[in-house]
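Following: one structure in structure tokens, then a few remarks.
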Number of protein chains: 2
Amino acid sequence: MLNEREQSILRLVVDDYIRSAEPVGSRTVSKRSTMQVSPATIRNVMSDLEEMGYLEQPHTSAGRIPSEKGYRFYVDHLMMPVGITRSDVATVREIFLQIMDQMEQVVQQTAQIVSSLTNYTSIVLGSLTETAKLAHVDVIPLSETSGVALIVTDSGHVENRVISIPPEISPAEVQKFARILSDKLKGTDMHRLKSELFQEVQRELTRYMDEFSGAMQLLNQIVKTDGEERVYLGGTTKILNQPEFQTVEKLRPVLDLLENHDTLFHLLSPPDKPGVRVQIGHENELVEVRDCSLITATYAIDGRKTWTIGVLGPTRMEYARVIGILNYLNEGFSAAVSRVVK
Amino acid sequence: MLNEREQSILRLVVDDYIRSAEPVGSRTVSKRSTMQVSPATIRNVMSDLEEMGYLEQPHTSAGRIPSEKGYRFYVDHLMMPVGITRSDVATVREIFLQIMDQMEQVVQQTAQIVSSLTNYTSIVLGSLTETAKLAHVDVIPLSETSGVALIVTDSGHVENRVISIPPEISPAEVQKFARILSDKLKGTDMHRLKSELFQEVQRELTRYMDEFSGAMQLLNQIVKTDGEERVYLGGTTKILNQPEFQTVEKLRPVLDLLENHDTLFHLLSPPDKPGVRVQIGHENELVEVRDCSLITATYAIDGRKTWTIGVLGPTRMEYARVIGILNYLNEGFSAAVSRVVK
DNA sequence: GTTAGCACTCTTATGCAACGAGTGCTAATT
DNA sequence: AATTAGCACTCGTTGCATAAGAGTGCTAAC
């Protein structure tokens, strides 16, 4: 374990490097430190810290930079989540106070807010139908052979898709079918719906309308509406501000990743328990983000839905500040979401 | 006007520069040309072309590169839209042949296809409700004070939003109200709906249910669902492959632009008449894309909806190839869309 | 245990020369 | 009159050596 002075110096190095993105030398630390110690002493300590793996040297005569282990120690023991500033509060208030009358808008807006507060790229993932219940099923006929199938959940989420109607079924019958389905299934958990729907509904189906051979196919189409989870991005180009991403080779993997929503989804999804999680460099399995750190906060709202907000930046990231913001945001976010949901 | 040889040489320069991204020298042109002329002759002609503004010199002793005027002449007179290859056709077929059962998927997929065929960033804009007609209005109650308002157009597009229901109105009454609205307004043009709805519906409203003071407010909320136009992107990171965008300063304006969907929408929207339009460098008013060219193709489908596909690349763009692809795509795209709509 | 001093290392910046690609001009050729 | 060969000239690029600067590691002194 690190002693007092070692911790203090490690903290100074990490802070300074986060600010400047330049290797930190012993003289700088000596000047910044409140303890009155000479650069030479600092050098000895820094040498120890390097030996223990908390610091690294880009080359023999440069200053030190934090290793991933160093960042990890900093995040776990040294930093204090920074409270957000008065103006940050104002920004959040302002945006959340607008009536956001649609779930999607809340999520999208949140991505923007987080990105503009942190100056990093943000990724917001809403598990839209995780534990939502079915509220309504309907089919709106458009022509003799097509219609729009609608599934509304009790959280206000709507899924729709154009379906083709088998020629042996009339649009009116389809609507009747939808109505029965709606009454029967109202209140069912969405994920239960997906898993158990087939046996159950098939039985009902044959009871009410055994003449519809093509109906199962239709039903199948409706349920394929699988409450896809969506990923929202904010501030994609913030990464361009970071000195470590000034070359295209560094940039490409990150930008490619941001374009691939499936991978992003996978990246953000795991955490079961709510709270803030910090992944530094290689702690994340994705090679694309080996030079990045990812801070994710997962919020449970109403104890039912979970939301995950991710902030992606260089390993040299303002951990304290970002975590402070994510902590604060929890409140405003929950309020906005439950206002919409309720 | 340029004579035969000048045109031929201009074409060679543009072709070669598009391929190599390097200034083209007289010797190169001489070798590539079918005419048997010496580099010196070529130099004279290139010098003339430069004087006329079709070519430029980055510095005194480099080869020539096309000016925007040069690209313009090339696009207007010299190039032949390149037919797409057998494998391109296969790609398009394969993707369009999958059942794309939702409008949005068609558009999104198209963006991907265009980008992967052209190797440039693509922007697809669907004027979703341009001339669509209202097919159905509904309100699904979620609780005593909230519900989901749905508007379905005859093209199968669905708009939804969570609305709050005034306390003096019961959910059942809201549904009744929605049903009346739906019957009354079915078949109305969406844009007419927006502009004329208020006078007309207000009259109906008071006739059927003058007790609802808060109903207008509700209606207002529903109609605010304004069939927003969406922009879809494909291959955002393709721009990273271009040698002229290897520095962050060059990259930033373009990536920023791609993130700003409103501006993108504005960028693509103008053309009234269908067909392919080429904007080279400063021909576009947006400073962000002063180093880019934009090729847009606008398709009218069923004579009702219009779609715009844009391809964004460096001014040194494979105009002939991209235009060829966009021409071909028109067919597959129209077919896929009308299959969904019908 | 701490500090001062100094040699050493490594990176970055700078200047300079050599090189090469390509032009422009002139004179010769067709 | 148009074309071409030849040649001097320009300008950017590359390679290399040198200088400067930042920072370390080590030793000896405090």
Side-chain angles (χ1 to χ4, degrees), chain A residues 2-10 12-17 19-67 70 243-244 246-247 250 316, chain B residues 2-10 12-17 19-67 70 243-244 246-247:
Chain A
L2 302 181
N3 66 35
E4 195 69 27
R5 191 167 68 184
E6 286 165 338
Q7 292 196 17
S8 162
I9 286 172
L10 178 56
L12 282 168
V13 172
V14 176
D15 279 338
D16 202 76
Y17 185 66
R19 201 183 40 74
S20 69
E22 297 290 333
V24 185
S26 56
R27 227 169 62 90
T28 316
V29 175
S30 165
K31 270 189 294 184
R32 265 200 223 297
S33 170
T34 51
M35 322 174 271
Q36 294 298 338
V37 280
S38 78
T41 311
I42 305 285
R43 277 204 286 281
N44 292 331
V45 178
M46 282 166 88
S47 177
D48 294 345
L49 285 171
E50 182 173 357
E51 206 173 328
M52 288 185 281
Y54 293 100
L55 294 180
E56 292 174 349
Q57 255 184 318
H59 53 89
T60 319
S61 81
R64 305 299 210 290
I65 63 175
S67 67
E244 40 269 86
Q246 291 297 304
T247 68
K250 290 286 181 185
R316 182 188 59 78
Chain B
L2 302 181
N3 65 38
E4 194 69 28
R5 192 167 68 184
E6 285 165 337
Q7 293 196 17
S8 160
I9 287 172
L10 178 56
L12 281 170
V13 172
V14 176
D15 279 338
D16 202 75
Y17 186 65
R19 200 183 41 74
S20 69
E22 297 289 334
V24 186
S26 55
R27 226 171 60 93
T28 316
V29 175
S30 165
K31 269 189 293 186
R32 265 199 223 297
S33 170
T34 50
M35 322 175 268
Q36 294 297 340
V37 278
S38 78
T41 312
I42 305 284
R43 278 204 285 282
N44 292 332
V45 177
M46 282 166 90
S47 176
D48 293 345
L49 285 170
E50 181 174 359
E51 206 173 328
M52 289 186 279
Y54 293 100
L55 295 179
E56 291 174 349
Q57 253 184 320
H59 54 85
T60 318
S61 80
R64 305 298 210 293
I65 64 175
S67 67
E244 41 268 86
Q246 291 297 304
T247 69

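A quick note: this is a predicted structure, and the numbers were derived from the prediction, not measured. In what follows, chains are A, B, ... by sequence order, proteins preceding strands, each numbered from 1.
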Worksheet item: First contact, last contact: which nucleotides of DNA chain C are these for chain B, 5' to 3', heavy-atom distance under 4.0 Å?
Response: C:dA21 to C:dG24

Worksheet entry | Residues A:E244, A:R316; criterion salt bridge (charged side-chain N to carboxylate O under 4.0 Å, His left out); working and verdict | CA-CA 9 Å; A:E244 40 269 86; A:R316 182 188 59 78; 2.8 Å; yes

Fill in: Beyond-backbone contact of B:P66 with B:E56, side-chain heavy atoms, under 4.5 angstrom
no

Worksheet item: Donor-acceptor pair under 3.5 Å: do we get one between B:T60's side chain and the base of D:dC11?
Response: no

Response to the item:
Closest non-hydrogen contact found for A:V24 with A:Y17 is CG2-N, 3.9 Å

Worksheet item: How many angstroms lie between CZ in A:R32 and CD1 in A:I42, if you round to the nearest 0.5 Å?
Response: 12.5 Å

Item to complete: Rounded off to whole Å, could you give me the CZ-to-P distance for the A:R64 and D:dA22 pair?
Response: 17 Å

Worksheet item: With side chains defined as the heavy atoms from C-beta onward, is the minimum distance between B:M46 and B:L10 less than 4.5 Å?
Response: no

Worksheet item: Within this structure, what is the NE2-to-P distance between B:H59 and D:dG12, rounded to whole angstrom?
Response: 5 Å

Worksheet entry | Pair A:R64-A:E50, salt bridge (charged side-chain N to carboxylate O under 4.0 Å, His left out): steps then yes or no | CA-CA 8 Å; A:R64 305 299 210 290; A:E50 182 173 357; 2.6 Å; yes

Practice prompt. Nearest-nucleotide wise, let me know which of B:A62 and A:S61 is further upstream toward the 5' end of DNA chain C.
Written response: A:S61

Fill in: Between CD on residue B:E22 and CG on residue B:D16, distance to nearest 0.5 Å
10.0 Å

Practice prompt. Measure from CD on B:Q57 to C1' on D:dT10 and round the result to the nearest Å.
Written response: 10 Å

Response to the item:
Under a 4.0 Å heavy-atom cutoff, the residues of residues 20-41 of chain B touching DNA chain C are B:G25, B:S26

Worksheet item: So how far is it from B:E6 CD to B:L55 CG, rounded to the nearest 0.5 Å?
Response: 10.5 Å

Discussion item. Output the rounded distance in Å from CZ (A:R43) to C1' (D:dA28).
Written reply: 14 Å

